[in-house]
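Notes to accompany the following structure.
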Number of protein chains: 2
Amino acid sequence: MIKIEPPRLRASSDVPGGRRKQRVSMADVARLAGVSSQTVSRVANGSPGVVETTREQVLAAMSELGYRPNSAARSLRYGRFNTIGVILFGLSSIGNSRTVEAIATHAAAEGYAITLIPVGAPTQDNVLGAFTRMGELAVDGVILIIEVHLLDAAAVTLPPGAHVVVVDSDAGDRYPVVDTDQADGARQAVRHLLDLGHHTVWHLAGPAGSFSAERRASAWRQVLEEAGRPVPALERGDWSADSGYRAGLRLAADPSCTAIFAANDQMALGVLRALHERGRRVPEEVSVVGFDDVADAGSYLPPLTTVHQDFAEVGRRCVDALLRQIHDEPSGPGTDLVATRLVVRASTAAPEV
Amino acid sequence: MIKIEPPRLRASSDVPGGRRKQRVSMADVARLAGVSSQTVSRVANGSPGVVETTREQVLAAMSELGYRPNSAARSLRYGRFNTIGVILFGLSSIGNSRTVEAIATHAAAEGYAITLIPVGAPTQDNVLGAFTRMGELAVDGVILIIEVHLLDAAAVTLPPGAHVVVVDSDAGDRYPVVDTDQADGARQAVRHLLDLGHHTVWHLAGPAGSFSAERRASAWRQVLEEAGRPVPALERGDWSADSGYRAGLRLAADPSCTAIFAANDQMALGVLRALHERGRRVPEEVSVVGFDDVADAGSYLPPLTTVHQDFAEVGRRCVDALLRQIHDEPSGPGTDLVATRLVVRASTAAPEV
DNA sequence: CGGTGTCATGTTTACGTAAACATGACTGCC
DNA sequence: GGCAGTCATGTTTACGTAAACATGACACCG
């Protein structure tokens, strides 16, 4: 059973002085155990050189008083916080939340906690505010899940010597970057459609400001050009299923369009809906490929062929790269790409003759 | 433009001693400005009683040295961290990530940062570990997004006087609880189907250990009983679309089943797929209602009628309730329910005659 | 012109921890 | 039996900040 003692009132008179001690310190434990506070510290940290009987007395005193180490004092002493900051715009994007989860899990395994620093909207003020606060935050390093060009728009100065790792961006010349191999994933998607026999592939891209949207779009274009195929006009959405639906209606109106590569699964879902409403059968008449491989993609109608991203691996590598910096191991700017793989389901097929 | 100075090497010789100072402290600023460190403190905190010329000297020295307050020292001094811990199993559930996002945003507005404390799997060891760590964490209070009965299984002791708020649980007798009004949402869903003329409603519930799954299921049962309708056997899934698909195949095999209430949208998606594969038309032959109103629900085939949860409001109220505790304002156990509303789309209709 | 106030600024101290150094007891060796 | 060495434990100090108290300069008053 969980045991929780009722919160004591601030004004209680546990202590003769009338004001109770807010917190149990090593000195309190030391007093009760009849040793010095340094001995308590040694016990708390498992340092050698404490005789078994003494150790037991101290442990008994600790549990009697309910001693908990004060991490503020520890951090002050060590100059480290054992905490990583994660700056992001929002968790609403599925990729972000999965990356953050992986970061949190992996960081916890390494003894680090995660502090979330959300910036509400990509306005200069908000970004600036997040960074100003960051300087004061109890953080040993920062992972940016944010389009760096948005930071560029804000005149922001990171504290010199700040440890930074960037996700999903093109800042590889200035910071270590960890990212999904967007270009290769997009190439796999487009080649898959061409291999099936489609003459060319339409693309529904993400918003113009997004790095990953640009990467996926340019890889799409490149594959088509290399294969000597015509490059249809680009459609743009905002990652949402609704925007995919609207673009899908436009694409459905073009009878020559038999293959669509959507820049994420949600937009692909919208495309599927639009094609269905317009009576264009998937995959018989039109093939659709997504990107991300969200948990639900296998349950779309039809189950979606898509590019699987390993968000967990991205999070893991972010933490590793950041910890390497924090521990002063060699690491400079450069981009670490995580492989993708195409998951073929039922939304793609050879075109009807 | 973002400006970042290259991280200096630990062994640099900025300082005659050979070891550079890790960080700029108030004392350094004070030395440069020719004042005492206390005056620097006064400037930093905007305390009155500093003459304009002095203030300017100090500010100049601060920016020259790139001074940043040390939050560890601040926390030690004040006994507060301005940080809220969030303990959860995972962000993969859509509701969780949206709640966390709202918590982070609202907390930031109140000057608090968020520390994520993930517990990998609901095992005793993991939960215990999270709480043991929590005692050492730099946190003023904790929001639990976790099934409390899982905590009960682990013999865990929260530090006395710990500030706690619980989401999505039945611990209202012991802690303040903030939650979506699960029961009312489920009632709206079931009544909607009955009002359309369905004789009864099948239910695809979430996993047995989940509080919200139980709440939704018992509200479903209650509405049927009150209306004097037969209560079909309960199907169970694990929240995933796949589990919804499997349950959907079973339900599709029963020709008397014309109305299904799935405990979340993802399972509803799986049900839609199963019905489609079995050739049962939605909503003409079978009506389906979900729960959550995820962003994509309007793009399912057909667009899903579902119960909208206001995750942002849940997050906001959690933070408010926790800050109230931290600031010693009156607040005891009890449950604060956030209203839901039924969003009618195209997956429900009157049964065919 | 001395006394009293006011105000800007400096000095001391405490927050909780742990490294570095100090002490004192006991062991073992010649 | 005395001395070096080892080992458990105690004492001092520093980490960066800010409250509490102290100081010293100047102004205004009778």
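In what follows, chains carry the letters A, B, and so on, assigned in the order in which the sequence lines appear, proteins first and then strands, with residues in each chain numbered from 1.
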Measure from the side-chain heavy atoms of [X] and tell me the nearest of [options].
{"X": "B:Q38", "options": "C:dG10, D:dG16, C:dT17", "value": "C:dG10"}
{"X": "A:T54", "options": "D:dG16, C:dT17, D:dT9", "value": "D:dT9"}
{"X": "B:V35", "options": "D:dT17, D:dC15, C:dG10", "value": "C:dG10"}
{"X": "A:V51", "options": "D:dT9, D:dG16, D:dT17", "value": "D:dT9"}
{"X": "B:A73", "options": "D:dG16, D:dG10, C:dT9", "value": "D:dG16"}
{"X": "A:R77", "options": "C:dT11, D:dT17, C:dT17", "value": "C:dT17"}

[X] has an atom [atom1]; how far is it from atom [atom2] of [N], in whole Å?
{"X": "B:M26", "N": "D:dA19", "atom1": "CE", "atom2": "C1'", "value": "13 Å"}
{"X": "B:D28", "N": "D:dT17", "atom1": "CG", "atom2": "C1'", "value": "13 Å"}
{"X": "A:L76", "N": "D:dT13", "atom1": "CG", "atom2": "C1'", "value": "13 Å"}
{"X": "A:R74", "N": "C:dA19", "atom1": "CZ", "atom2": "C1'", "value": "14 Å"}
{"X": "A:R80", "N": "C:dA18", "atom1": "CZ", "atom2": "P", "value": "11 Å"}
{"X": "B:N70", "N": "C:dG16", "atom1": "CG", "atom2": "C1'", "value": "14 Å"}
{"X": "A:N82", "N": "C:dT17", "atom1": "CG", "atom2": "P", "value": "16 Å"}
{"X": "B:F81", "N": "C:dC15", "atom1": "CZ", "atom2": "C1'", "value": "11 Å"}

Can you find a heavy atom in the side chain of [X] that is under 4.5 Å from one in the side chain of [Y]?
{"X": "A:L32", "Y": "A:M62", "value": "no"}
{"X": "A:V86", "Y": "A:T115", "value": "no"}
{"X": "A:V35", "Y": "A:T54", "value": "yes"}

request  = Work out how much the helix from C:dC1-D:dG30 to C:dC30-D:dG1 bends between its end axes, five pairs an end, to the nearest 10 degrees.
outcome  =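 What I find for the helix from C:dC1-D:dG30 to C:dC30-D:dG1 is an axis angle of 60°.
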key: Donor-acceptor pair between A:R77 and A:N70 side chains, under 3.5 angstrom   =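 Distance-only check fails for A:R77 and A:N70.
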task = Apply side chain to side chain contact (heavy atoms under 4.5 Å, CB included) to B:I103 and B:I114, showing your working.
result = CA-CA 8 Å; B:I103 289 172; B:I114 287 297; 3.5 Å; yes
query = Would A:V100 and A:L116 satisfy side chain to side chain contact (heavy atoms under 4.5 Å, CB included), going step by step from the backbone distance to the final call?
reply = CA-CA 9 Å; A:V100 169; A:L116 284 190; 4.0 Å; yes
message = Go through it in stages, so that I can follow the logic: the residues are B:R324 and B:D320, the test is salt bridge (charged side-chain N to carboxylate O under 4.0 Å, His left out), and I'd like the CA-CA distance, side-chain angles, deciding distance and then a yes or no.
response = CA-CA 6 Å; B:R324 235 175 290 132; B:D320 286 343; 5.2 Å; no
Is any side-chain N or O of [X] closer than 4.0 Å to OP1 or OP2 of [N]?
{"X": "A:R42", "N": "C:dA18", "value": "no"}
{"X": "B:Y78", "N": "C:dG16", "value": "no"}
{"X": "A:N45", "N": "C:dT17", "value": "no"}

key: A:V43 vs A:Q57, side chain to side chain contact (heavy atoms under 4.5 Å, CB included): CA-CA, chis, key distance, verdict   = CA-CA 10 Å; A:V43 172; A:Q57 279 169 42; over 6 Å; no
task = Evaluate side chain to side chain contact (heavy atoms under 4.5 Å, CB included) for A:R31 paired with A:D28, printing each intermediate quantity in order.
result = CA-CA 5 Å; A:R31 208 169 305 121; A:D28 301 315; 3.3 Å; yes
query = Contact class for A:T39 vs. all strands (heavy atom < 4.0 Å): base, sugar-phosphate, or nothing?
reply =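 The residue A:T39 makes sugar-phosphate contact but no base contact.
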ask   = Any ion pair linking B:D336 and B:R317 (charged N to carboxylate O, less than 4.0 Å)?
value =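 Counted as a salt bridge, because a side-chain N and a carboxylate O are separated by less than 4.0 Å.
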remark   = Protein-proximity profile, nucleotides 22-27 of chain D, B/S/- by nucleotide at the 4.0 Å heavy-atom cutoff, equals ------
